[in-house]
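Structure, as structure tokens:
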2 protein chains.
Amino acid sequence: MLDAFDRKILGALVEDAGLSYARIGERAGLSAPAVFERVKRLRSAGVIESVTARLDGESVGKPLLAFVHVDTTGWGKSERLMRMGEFPEVEEMHSVAGDTGMILKVRTQGPQALEHLLLQLYVIPGVTASRSYVVLSTYLDRPVQADVTLDWPKHPLPKE
Amino acid sequence: MLDAFDRKILGALVEDAGLSYARIGERAGLSAPAVFERVKRLRSAGVIESVTARLDGESVGKPLLAFVHVDTTGWGKSERLMRMGEFPEVEEMHSVAGDTGMILKVRTQGPQALEHLLLQLYVIPGVTASRSYVVLSTYLDRPVQADVTLDWPKHPLPKE
DNA sequence: GATGAAACGGTAACGTT
DNA sequence: AACGTTACCGTTTCATC
């Protein structure tokens with residue numbers, strides 16, 4: 001589905017979407033219009049979902065990052081729970097397999113704002129518990145990368 | 001630090017960084033050159049960290065998303081642990097407060113690639129345990145938002 | 001911060017392999 | 001069918017007020 005040209009173009013755009021098509025073309029071995037055509041195709045195919053500015057949480061007034069595990073009775077995707085996404089502080093919501101049902105990534109002004117968010121959570125019918133993991137340091141935070149580690153063992157049988 | 005103009009500009013750029021300065025200016029009530037100057041300032045101030053393409057995990061061959069809790073003896077930030085970031089599959093690494101020391105966000109080709117990543121993890125001295133939360137559905141996944149919920153209660157004392 | 005102008009890059013049409 | 005070349009036009013970006 002994606003050839004080597006596409007991978008190089010995507011790699012460049014993830015690194016810096018402000019690069020000119022000509023410059024990306026140098027990196028990928030294509031002319032600017034060729035890059036343009038491929039980017040247009042990758043966009044409409046949904047490979048590129050969007051092009052956005054990444055902001056510094058602290059600078060925009062949200063220095064506190066936390067992952068919140070939410071336990072629910074029944075199954076997770078309630079109307080009320082989904083509405084937590086209306087808070088700009090909530091960046092991610094995933095249902096997961098494991099000892100919790102839902103993981104939220106939230107970025108808030110501080111502990112009080114987090115508490116308010118948790119209060120909103122406990123008002124929702126079916127929410128039985130939550131565990132918050134407050135981030136102390138972020139060592140890595142980057143977008144989906146275009147490349148993949150190639151040489152995974154096909155059948156990684158652990159040696160005894 | 002950020003005025004209302006900045007917030008509007010940042011909001012527009014997070015939504016779509018491909019917008020022209022003229023169009024952002026309409027939305028914010030500024031001329032294109034004024035927007036340009038502010039964006040330049042926001043960039044060099046580090047408020048805008050980067051401008052990137054957001055890719056669809058499935059399309060780039062990484063349909064499996066998981067959060068991995070890593071428990072370690074001593075304290076988390078070992079040289080070896082940091083090198084997990086060399087895998088393009090590892091998107092985030094945070095040290096956290098709670099019943100684990102470190103949370104990794106990883107996106108892989110499938111279960112086997114995740115297993116290989118976990119094997120790499122257990123090779124690291126000091127890593128004692130891990131718990132993986134495999135994402136079943138993603139309901140929300142968006143960048144840091146420029147806006148904040150305004151009317152948090154200042155001192156949210158829970159009523160009895 | 002706005003206005004006007006110059007340089008640059010995005011984008012379409014066309015020709016080539 | 002996909003890329004390169006050419007050329008135009010909108011946008012970025014700078015100088016001036």
Side-chain angles (χ1 to χ4, degrees), chain A residues 1-56 58-61 88 142-148 150, chain B residues 1-62 88 142-148 150:
Chain A
M1 184 174 181
L2 299 177
D3 64 15
F5 289 126
D6 291 327
R7 294 274 176 189
K8 283 183 185 172
I9 291 169
L10 292 173
L13 289 176
V14 168
E15 212 184 284
D16 181 5
L19 290 171
S20 73
Y21 290 139
R23 193 162 280 279
I24 296 169
E26 291 172 20
R27 242 171 94 164
L30 288 172
S31 68
V35 174
F36 171 70
E37 279 301 326
R38 279 173 177 265
V39 170
K40 201 166 69 176
R41 187 175 60 73
L42 290 165
R43 268 194 147 286
S44 63
V47 180
I48 299 172
E49 291 179 344
S50 62
V51 176
T52 72
R54 285 170 68 87
L55 307 184
D56 175 55
E58 241 176 271
S59 301
V60 297
R142 62 184 177 193
V144 178
Q145 300 293 292
D147 54 335
V148 172
L150 300 160
Chain B
M1 184 175 184
L2 299 177
D3 64 15
F5 290 127
D6 290 327
R7 294 274 175 190
K8 283 183 185 171
I9 291 169
L10 292 173
L13 288 177
V14 167
E15 210 185 286
D16 181 4
L19 290 171
S20 74
Y21 291 138
R23 192 162 280 280
I24 296 169
E26 290 171 20
R27 243 171 95 162
L30 289 172
S31 68
V35 175
F36 171 68
E37 279 302 325
R38 279 173 178 265
V39 170
K40 201 166 70 175
R41 188 174 59 73
L42 291 165
R43 269 194 144 286
S44 62
V47 180
I48 299 173
E49 291 179 342
S50 62
V51 176
T52 72
R54 286 170 68 87
L55 308 183
D56 174 55
E58 240 176 272
S59 301
V60 297
K62 289 182 278 192
R142 63 184 177 193
V144 178
Q145 301 293 292
D147 53 334
V148 172
L150 300 160

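Just so it is clear, the values below take in all heavy atoms, side chains as well, and ignore hydrogens, waters and symmetry mates.
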Rounded to the nearest 0.5 angstrom, the OH-CD distance for Tyr21(A) and Glu37(A) is 10.0 Å
Can you give me the closest heavy-atom contact between Leu10(B) and Ala146(B), atom names plus distance?
CB-CB, 3.7 Å
Heavy-atom check, side chain of Val51(A) versus side chain of Val51(B), under 4.5 Å:
yes
Round to the nearest Å and state the distance from Glu26(B) atom CD to dT11(D) atom C1'.
13 Å
Where protein sits on nucleotides 12-17 of chain C, one letter per nucleotide: B base, S sugar-phosphate only, - none, heavy atoms under 4.0 Å:
B-----
Asp6(A) CG to Ser59(B) OG distance, which is reported to the nearest 0.5 Å:
11.0 Å
Mind checking whether Leu13(B) and Leu42(B) have side chains closer than 4.5 Å, heavy atoms only?
no
Within the 4.5 Å heavy-atom criterion, are Leu19(A) and Arg27(A) side-chain neighbours or not?
yes
Minimum heavy-atom distance between Asp16(A) and Gly18(A), given as atom pair plus value
OD1-N, 2.8 Å
Spacing between Ile24(B) atom CD1 and dT11(D) atom P, to the nearest angstrom
12 Å
Arg7(B) bridged to Asp147(B) by N-O distance under 4.0 Å:
no
Distance below 4.0 Å between Arg41(A) side-chain N/O and dA2(D) OP1 or OP2
no
Within a strict 4.5 Å, meaning less than it, do heavy atoms of the Leu55(A) and Ile48(B) side chains meet?
yes
Spacing between Leu30(A) atom CG and dT5(D) atom C1', to the nearest angstrom:
15 Å
Just the dot-bracket of DNA chain C, please: which string comes out with Watson-Crick or G-U pairs under 3.5 Å, [ ] for crossing, | for another strand?
|||||||||.|||||||
Neighbour count >12 (heavy atoms, 6.0 Å) for atom CZ, Arg41(A)
yes
Heavy atoms, side chains only, cut-off 4.5 Å: are Ile9(B) and Leu30(B) in contact?
yes
Using a heavy-atom cut-off of 4.0 Å across all strands, would you classify Arg38(B) as base, sugar-phosphate, or nothing?
sugar-phosphate
Enumerate all atom pairs, one protein N or O and one N or O from nucleotides 7-9 of chain C, separated by less than 3.5 Å.
none

